[in-house]
Amino acid sequence: SDQNLLSVYDEEFDSEAKRRNAILSSMNGAFDDKRCSNGISMHYQPKYSLKSGLIVGFEALCRWHHSDLGTISPAEFIPLIEKTKLIQPLTKLIIEKTVRGISENLRANIAIPVAVNISTRDLLDQGLAQFICAVLEKYHVSAELLEIEITETSIIGNTALAIQQISGLRSLGFNVAIDDFGTGNSSLAYLAHLPVSAIKIDQLFTKDIRNPRTATIVKSIIELAGEIGIDVIAEGVEDIGALRQLNSFGCPKVQGYFLGKPKSRLAALSDIRKINNTHHS
Ligand code: C2E
Ligand code: MG
Ligand code: MG
Ligand code: MG
């Protein structure tokens, strides 16, 4: 009956709300406290050059291992925490972990750029660039080894501030990419005013690339970006078909499960040794 249906919905709503509250309340304070920060770890997914077939970088993706809830995906907890001030200490923790990882790569004789994701609210933080520079200095890592990914939707809400922050980061030597490009319902024209070094074509496009219209859009984005001197990375490459098509469009870089899933730093290093090995001096 309708009565039963209603109580089922209520329960579901209730348990989702409970989970959200559990996540948010256990995050409260967790990232200021070094003892609790162990629950966050970084995984690394390779970015490949289509021309050389080599790994040309990694993206750092966070994982949160919660004592009661198990491992929680960033797709679940980042959108929750992004709406609160907790995102700022979390982002700082993630930047520090990533830069420490880069310094450990260097000690293993591997100098490879690693990209870190930052959130909408982080863009509002005027001290962010300064913080990043201090961390790089602490670990003796240079700016060209750290890249920043910012989602398109966060840029659209605050274009003026985004331009200012991105310019600041670029002038300090960081590469900055627009993440999830094409999902923000924006026009291509605003690329003219954003001083970014790369765009990441959202995986929705890559997964639908068999559709001739989607393929044409992807091809046009790649060509347009090339003409204005912006690098392109296609996300979400899950099969050989998508890879071939992107290659035929001249897409410079690719990322996806077909090429490599996010994994621990040591596993990622072992992959890069295997794949890039023959080209080492
Ligand atoms: P994103 O930055 O666009 O990262 C790509 C996401 O797609 C990752 O999910 C990655 O594991 C997944 N992915 C990569 N290749 C494939 C593929 O071939 N197929 C499919 N289906 N998925 C693929 P993940 O790690 O769950 O992260 C989800 C989102 O959470 C990220 O999207 C990013 O927006 C956010 N996120 C992850 N780590 C961080 C972080 O450290 N800080 C911030 N602020 N956000 C993060
Ligand atoms: Mg990203
Ligand atoms: Mg993305
Ligand atoms: Mg995404």
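For residues 206-246, there are no ring-ring contact (aromatic ring centres under 6.0 Å, His included) pairs, not counting sequence neighbours. Residue pairs meeting the ring-ring contact (aromatic ring centres under 6.0 Å, His included) criterion with at least one partner in residues 76-114, sequence neighbours excluded, are W64-F77.
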Report task. Would you sort out whether Q164 and Q126 count as a side chain to side chain contact (heavy atoms under 4.5 Å, CB included), showing the intermediate values? Result -> CA-CA 10 Å; Q164 187 194 320; Q126 304 279 347; 3.5 Å; yes

TODO: Assess whether side chain to side chain contact (heavy atoms under 4.5 Å, CB included) is satisfied between N117 and I78, documenting all intermediate values.
DONE: CA-CA 11 Å; N117 291 280; I78 294 285; over 6 Å; no

Stepwise side chain to side chain contact (heavy atoms under 4.5 Å, CB included) check, I201 with I222: CA-CA 9 Å; I201 298 178; I222 292 166; 4.0 Å; yes

Indicate every side-chain donor-acceptor pair of residues 66-74 with a distance under 3.5 Å to a residue at least two apart or in another chain.
{"from": "H66", "atom 1": "ND1", "to": "D68", "atom 2": "N", "distance (Å)": "3.0"}
{"from": "H66", "atom 1": "ND1", "to": "L69", "atom 2": "N", "distance (Å)": "2.9"}
{"from": "H66", "atom 1": "NE2", "to": "S26", "atom 2": "OG", "distance (Å)": "3.0"}
{"from": "T71", "atom 1": "OG1", "to": "H65", "atom 2": "ND1", "distance (Å)": "2.9"}
{"from": "S73", "atom 1": "OG", "to": "A75", "atom 2": "N", "distance (Å)": "2.9"}

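Closest heavy-atom contact between C251 and V232: SG-CG1, 4.1 Å. Contact between I221 and I199 at its shortest, heavy atoms only, is CG2-CD1, 3.5 Å. Here the closest heavy-atom approach between residue L128 and residue D122 is recorded as CD2-O, 3.8 Å. Minimum interatomic distance between P252 and D231 (heavy atoms only, all atoms of both residues): CB-OD1, 3.6 Å. Taking both residues in full, the closest heavy atoms of Q45 and G260 are given as NE2-O, 2.9 Å, listed atom of the first, atom of the second, then distance. Shortest non-hydrogen contact noted between L50 and L246 is CD1-C, 4.1 Å.
A donor-acceptor contact shorter than 3.5 Å is absent between the side chain of D202 and the backbone of F205. Remark: side-chain polar atoms of E152 are paired, donor with acceptor, to backbone N or O of G182 under 3.5 angstrom. Side chain of S119 to main chain of R121: no donor-acceptor pair is present (N/O by atom type, distance under 3.5 Å, no hydrogens or angles).
Every residue meeting the salt bridge (charged side-chain N to carboxylate O under 4.0 Å, His left out) condition with E149, not counting sequence neighbours, appears here in chain and number order: K47, K200. Contacts of H193 classified as ring-ring contact (aromatic ring centres under 6.0 Å, His included), with partners at least two apart in sequence or in another chain: none. Here D208 pairs with nothing under the salt bridge (charged side-chain N to carboxylate O under 4.0 Å, His left out) rule; sequence neighbours left out.
You'll find the side chain of I150 stays beyond 4.5 Å of the side chain of V196, heavy atoms only. Taking the side chain as every heavy atom from C-beta outward, Y44 and N105 never approach each other to under 4.5 Å. Side-chain contact between V237 and Y48 is absent, with no heavy-atom pair separated by less than 4.5 Å. P46 has its side chain out of reach of L259: every pair of non-hydrogen atoms, C-beta onward, lies at least 4.5 Å apart. Contact of the I272 side chain with the F58 side chain is registered, since non-hydrogen atoms from C-beta on lie closer than 4.5 Å. Residues T183 and L204 have side chains in contact (heavy-atom distance under 4.5 Å, counting atoms from C-beta outward). The side-chain heavy atoms of K219 and Q245, taken from C-beta on, include no pair separated by under 4.5 Å. Taking the side chain as every heavy atom from C-beta outward, P113 and F174 never approach each other to under 4.5 Å.
The same ILVMFWY cluster, assembled from side-chain heavy atoms under 4.5 Å apart, contains both V116 and V141. Note on V176 and L191: same hydrophobic cluster, where clusters join Ile, Leu, Val, Met, Phe, Trp and Tyr whose side-chain heavy atoms are under 4.5 Å apart, directly or indirectly. The hydrophobic clustering, which links ILVMFWY residues whose side-chain heavy atoms are closer than 4.5 Å, places L172 and I102 together. Under the 4.5 Å side-chain heavy-atom criterion for grouping Ile, Leu, Val, Met, Phe, Trp and Tyr, I87 is not connected to L124 through any hydrophobic cluster. A continuous path of Ile, Leu, Val, Met, Phe, Trp and Tyr side chains, each step under 4.5 Å between heavy atoms, connects I209 with L243, placing both in one hydrophobic cluster.
Remark: of the listed residues E59, Q203, E235, E59 is the sole one forming a side chain to side chain donor-acceptor pair (under 3.5 Å) with Q255. The side chain to side chain contact (heavy atoms under 4.5 Å, CB included) test with C62 singles out one residue from L93, I94, T91, and that residue is I94.
Interatomic distance, C133 SG to E137 CD, rounded to the nearest 0.5 Å: 8.0 Å. The distance from the CZ atom of R273 to the CG atom of N109 is 8.5 Å, given to the nearest 0.5 Å. Atoms CG and CG, on L80 and N21 in that order, are 9.5 Å from each other to the nearest 0.5 Å. Residue I95 holds its CD1 atom at 9.5 Å from CG of L90, rounded to the nearest 0.5 Å. In this structure, the separation between CD1 on I110 and CG on L145 is 12.0 Å, given to the nearest 0.5 Å. Expressed to the nearest 0.5 Å, how far CD1 of I230 lies from CG of L224 amounts to 8.0 Å.
More than 12 non-hydrogen atoms from other residues, nucleotides or ligands lie less than 6.0 angstrom from CD of E104. Shown here is R244, whose CZ atom has no more than 12 heavy atoms of other residues, nucleotides or ligands within 6.0 Å.
Between the side chains of E96 and Y139, at least one donor N or O lies within less than 3.5 Å of an accepting N or O. Looking only at atom types and distance, the side chain of Q165 has no donor-acceptor partner in the side chain of D125 under 3.5 Å away.
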